[in-house]
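Below you'll find the structure, written out as structure tokens, and then a few comments.
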Number of protein chains: 2
Amino acid sequence: MQTESTGNVTLEQVAHHAGVSLATASRVLNGSTRQVGEKLRKRVVASAGELGYLPNASAQALARNSSSLVGLIVHDIADPYFSSIASGVTGGAEEEGLVVVLGTTGRTPHRETELLATLRAHRARAVVLAGTRTVDEAGNRNLAREIERFTAQGGRVACVSQGGLPADTVVPANREGAADLARRLIAMGHRRFAVLAGPPDLRTARDRLDGFHGALSEAGIEPAYHDVVHGAFTRDGGYASTERLLAAGTEATCLFAVNDVMATGAIAALRDAGLRVPDDLSVAGFDDIPTLRDLIPALTTVRLPLEWMGREAARLALAEDPAPEPRRVPVSAEVVVRDSTAPPA
Amino acid sequence: MQTESTGNVTLEQVAHHAGVSLATASRVLNGSTRQVGEKLRKRVVASAGELGYLPNASAQALARNSSSLVGLIVHDIADPYFSSIASGVTGGAEEEGLVVVLGTTGRTPHRETELLATLRAHRARAVVLAGTRTVDEAGNRNLAREIERFTAQGGRVACVSQGGLPADTVVPANREGAADLARRLIAMGHRRFAVLAGPPDLRTARDRLDGFHGALSEAGIEPAYHDVVHGAFTRDGGYASTERLLAAGTEATCLFAVNDVMATGAIAALRDAGLRVPDDLSVAGFDDIPTLRDLIPALTTVRLPLEWMGREAARLALAEDPAPEPRRVPVSAEVVVRDSTAPPA
DNA sequence: CCGGGCGGGGAAAACATTTTCCGCGGCCTC
DNA sequence: GAGGCCGCGGAAAATGTTTTCCCCGCCCGG
């Protein structure tokens with residue numbers, strides 16, 4: 001039977017209603033340091049329920065110097081790669097009774113630093129950085145500095161995907177996964193590859209490219225660098241990159257896109273150009289995005305447990321122990337061969 | 001040249017460093033009510049920069065009784081329907097310098113009420129409710145009550161998709177869109193339809209079903225109710241529903257799934273059952289999810305401007321004027337005919 | 001029988017900011 | 001020349017909690 005007429009019920013009102021002091025009411029309803037006698041405890045709980053008391057989170061954060069907020073920074077929440085990770089992070093945070101603050105950078109690197117500062121201003125308890133790093137040294141240094149401020153203030157930071165940042169990191173096997181994929185494609189009979197390499201300054205993209213090329217070299221295949229085309233890390237980027245590749249002419253029998261959304265764009269571009277996949281050209285991606293599993297032809301790709309990675313990052317960021325030293329959680333990547341690849345004609 | 005050694009710089013330190021009072025420092029750096037002389041203003045700004053001052057957002061929220069937080073409540077952020085909307089909401093909020101708090105319900109209706117209370121505790125300035133309503137009257141009443149508390153406290157609420165809730169709402173033309181789609185399919189020659197209707201208690205699902213059936217009736221076609229199968233509003237729900245439909249046997253020539261992700265599952269199930277789309281059975285969806293546009297066969301569907309809808313909801317929730325009365329912004333839905341539908345054999 | 005601990009309750013300080021209220025000096029007007 | 005108003009600065013109250021410190025009474029041991 002809530003009776004709250006208007007405005008907000010404060011702890012003081014609850015205390016008064018229960019005939020106890022502010023301190024006692026606080027100890028009963030929020031604090032956990034000290035015991036309160038059964039009799040008073042019950043009175044306070046009853047009063048709180050009756051008045052519909054809801055603690056003012058801002059005041060609590062101020063007094064405790066720590067809020068129940070967990071930050072999550074991604075480039076673009078509409079990208080299924082990030083929304084899968086976000087799903088894991090929110091799941092992990094909500095289990096702990098925490099609330100997720102979502103920041104999106106729109107792929108602007110310095111926005112990440114800005115958002116981290118905002119989160120520090122809010123005394124967020126932890127932050128998960130899911131945007132992949134660039135190779136921009138200055139930007140990374142700024143970000144590292146901001147991370148140190150954040151941790152100095154008592155917050156914790158975890159990253160998804162690599163980066164030499166001073167924070168716990170969930171590290172997917174981008175290099176090894178791409179290398180494994182290359183070996184599978186070579187075993188299939190392919191010898192000439194084209195690569196949609198994404199943005200040249202993105203670490204994730206570069207690692208996958210490197211891993212792929214490494215395995216090619218091992219097998220004695222010279223990567224044809226004119227068949228490596230850079231472009232945006234999106235579906236449309238994949239489409240455009242593929243168009244450029246076709247316009248320039250290529251003798252590749254297999255096309256590797258460094259992520260699934262680009263591979264999706266590539267398949268569309270090939271289809272629009274009158275080419276069949278995999279008959280005329282094989283296509284492979286990376287990530288194994290759940291939403292894209294129903295594509296036809298089904299995409300050969302490298303599976304990453306994205307949601308699990310997000311959850312794990314949340315776990316790291318919310319762990320009790322202060323972790324004297326950045327931890328790294330390696331995540332293995334598994335090649336999944338489906339219908340978009342076939343032996344070359 | 002930041003010199004902040006450790007801990008956090010408070011406004012008091014800035015004021016002291018600049019040789020002014022707390023009030024003046026506050027007015028320069030945050031408040032906007034009153035003017036401060038050019039001389040002092042410069043001194044304060046310089047000191048703040050030098051010390052690396054960052055306002056404590058909790059303290060601000062406490063003193064102002066309003067934070068810079070905007071809530072966003074969805075069922076499942078990994079679902080592209082919601083992540084598209086989320087993209088619009090975050091875009092709109094970040095333009096205003098606000099921060100988005102993401103809550104996910106996991107499709108548990110009362111979680112929505114819980115999350116709204118949490119947001120109220122944080123003195124969130126506004127909330128966008130994107131989860132579709134159920135027809136559960138008691139749950140909706142609780143939610144409406146919580147919305148009223150939230151607005152009484154000075155916050156504003158906007159909803160995406162229908163619901164008789166006391167809040168501004170962006171209302172997509174679910175009925176009309178489904179009806180238009182039905183008419184197009186009838187014009188194509190179809191007379192027998194099966195429907196994957198989603199959960200029976202979900203308003204959005206029911207409205208689309210009603211609109212579809214309404215147009216059928218208008219055309220003198222009796223809906224075959226045994227060809228309406230309910231199931232989860234997800235890809236796997238669509239798959240399972242289609243399996244059940246096939247197991248029961250159907251003479252339908254066209255299958256309407258009330259959203260795209262279910263349609264995706266349906267196409268997969270049909271393919272696994274050895275049926276061709278659209279040759280053996282036409283399939284249509286609803287939403288026009290961007291990520292699913294590259295599906296083959298390309299999905300005939302009803303387009304909703306999801307990201308725009310999210311942005312618009314944010315705009316409503318952040319509008320200046322108090323809006324004496326809930327506003328409704330209608331959103332028209334446009335049929336997009338693609339390859340997954342064809343005249344019946 | 002007295003002193004010391006201890007368990008539990010309350011007063012008040014602390015948290016960092018905004019905002020109200022007050023005062024002072026200068027300028028304008030009559 | 002005097003009174004009033006206005007612009008700008010500062011002191012202090014207010015915001016809603018947590019937490020420290022103190023105190024009281026009770027129990028137990030000496």
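Naming: A, B, ... by sequence-line order, numbering from 1 per chain. Computation of the quantities below employed the complete heavy-atom set of this structure, encompassing side-chain atoms and omitting hydrogens, waters and symmetry-equivalent molecules.
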Report task. Walk me through it: do Arg311(A) and Glu95(A) pass the test salt bridge (charged side-chain N to carboxylate O under 4.0 Å, His left out)? Result -> CA-CA 10 Å; Arg311(A) 198 175 210 93; Glu95(A) 275 170 17; 2.4 Å; yes
**Report entry** Glu38(B) vs Arg41(B), salt bridge (charged side-chain N to carboxylate O under 4.0 Å, His left out): CA-CA, chis, key distance, verdict
**Finding:** CA-CA 5 Å; Glu38(B) 189 55 20; Arg41(B) 146 166 250 106; 5.1 Å; no
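In this structure, CG of Asn65(B) is placed 11 Å from P of dT17(D), rounded to the nearest angstrom. At whole-Å resolution of the value, CG in Leu54(B) and P in dC15(C) are 18 Å apart. Between Glu12(A) atom CD and dA14(D) atom P the separation is 12 Å, expressed in whole Å. Atom CG of Leu62(B) and atom P of dT15(D) are 9 Å apart (whole Å). Counting to the nearest Å, the C1' atom of dA14(D) and the CD atom of Gln60(B) are 16 Å from each other. The distance from atom CD of Gln13(B) to atom P of dC15(C) is 11 Å, rounded to the nearest whole Å. Atom CG in Leu11(A) sits roughly 20 Å away from atom P in dC15(C) (whole-Å rounding). Across the protein-nucleic acid pair, Asn8(A) atom CG and dT17(D) atom C1' stand 14 Å apart, rounded to whole Å.
Using a cut-off of 4.0 Å between Lys/Arg side-chain N and Asp/Glu carboxylate O, Glu148(B) and Arg145(B) are scored as not salt-bridged. Look at Glu112(A) and Arg133(A) and you find a salt bridge, because one of the NZ, NE, NH1 or NH2 atoms lies within 4.0 Å of a carboxylate O, short of that distance. Salt-bridge formation is not detected for the pair Arg141(B)/Asp136(B): no Lys NZ or Arg NE/NH1/NH2 atom is positioned less than 4.0 Å from an Asp or Glu carboxylate oxygen.
With dT18(D), dT17(C), dG16(D) as the candidates, the nucleotide lying closest to the side chain of Asn30(A) is dT18(D).
For the pair Ser26(A) and dT18(D), the criterion of a side-chain N or O lying under 4.0 Å from OP1 or OP2 is met.
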Protein-nucleotides 7-11 of chain C N/O pairs under 3.5 Å:
from    : atom 1 : to       : atom 2 : distance (Å)
dG9(C)  : OP2    : Gly37(A) : N      : 3.1
dG9(C)  : N7     : Arg34(A) : NH2    : 2.2
dG9(C)  : O6     : Arg34(A) : NH1    : 2.9
dG9(C)  : O6     : Arg34(A) : NH2    : 3.1
dG10(C) : OP2    : Ser21(A) : N      : 3.2
dG10(C) : OP2    : Ser21(A) : OG     : 3.2
dG10(C) : OP2    : Thr24(A) : OG1    : 2.7
dG10(C) : N7     : Arg27(A) : NH2    : 3.0
dG10(C) : O6     : Arg27(A) : NH2    : 3.4

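The side chain to side chain donor-acceptor pair (under 3.5 Å) test applied to Asn56(B) returns no partner, not counting sequence neighbours.
Residues Ser161(B) and Thr204(B) have side chains that bring a donor and an acceptor to within less than 3.5 angstrom of each other.
Using a 4.0 Å heavy-atom cutoff across all strands shown, Asn56(B) reaches sugar-phosphate atoms only and no base atom.
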